[in-house]
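Okay, structure first, notes after.
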Amino acid sequence: MLVDSELDDMVIGATQERTAVAARSFVIWGEELSKKGRYAAAEKLYQRAWGLIERTMGTQHPMMAEVLECYSDLLVRTNRSATPALTVA
């Protein structure tokens with residue numbers, strides 16, 4: 001029989017897995033849009049992925065690095081500097 005903490009871990013794990021899939025999808029779509037020069041749409045997807053990971057997995061999750069890397073690449077392509085949130089450690 002599963003105890004409450006084991007059930008909680010299973011639910012949290014499933015939620016994080018769905019979050020990771022959704023965030024990864026946003027990043028992939030953002031990369032494709034960025035390649036096509038649709039930077040505003042790509043930026044919105046990167047921001048959605050960022051927020052999703054931040055809320056559910058935390059800023060120290062390895063997936064956050066991928067999102068921030070793609071977002072910073074977009075900022076470089078559009079000749080913009082990093083937003084204050086990107087420069088915070």
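Closest non-hydrogen pair, Val67 versus Tyr46, comes out as CG1-O, 3.6 Å. Nearest heavy atom pair, residue Ala23 against residue Ala49, reads O-CB, 3.8 Å.
Partners of Ala22 by side chain to side chain contact (heavy atoms under 4.5 Å, CB included), not counting sequence neighbours, listed by chain and number: Leu52. A search for side chain to side chain contact (heavy atoms under 4.5 Å, CB included) contacts involving Glu69 returns Asp73, not counting sequence neighbours. Taking the side chain to side chain contact (heavy atoms under 4.5 Å, CB included) definition, one finds that Thr56 meets it with Thr19, sequence neighbours left out. Taking the side-chain hydrogen bond (donor to acceptor under 3.5 Å, both in side chains) definition, one finds that Arg24 meets it with Glu66, sequence neighbours left out.
Rounding to the nearest 0.5 Å places NE2 of His61 at 7.5 Å from CD1 of Ile53. How far OG1 of Thr59 is from CH2 of Trp50: 10.5 Å, rounded to the nearest 0.5 Å. Going from atom CD of Glu43 over to atom CZ of Arg38 covers 14.0 Å, rounded to the nearest 0.5 Å.
Both Leu68 and Met57 belong to a common hydrophobic cluster when Ile, Leu, Val, Met, Phe, Trp and Tyr are linked at side-chain heavy-atom distances under 4.5 angstrom.
Among residue pairs with one or both ends in residues 49-65, none qualify as salt bridge (Lys or Arg N to Asp or Glu O under 4.0 Å); sequence neighbours excluded.
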Show which side-chain atoms of residues 25-37 pair as donor or acceptor with protein atoms under 3.5 Å away, not counting sequence neighbours.
residue	atom	partner	partner atom	Å
Ser25	OG	Val21	O	3.0
Ser34	OG	Arg77	NH1	2.3

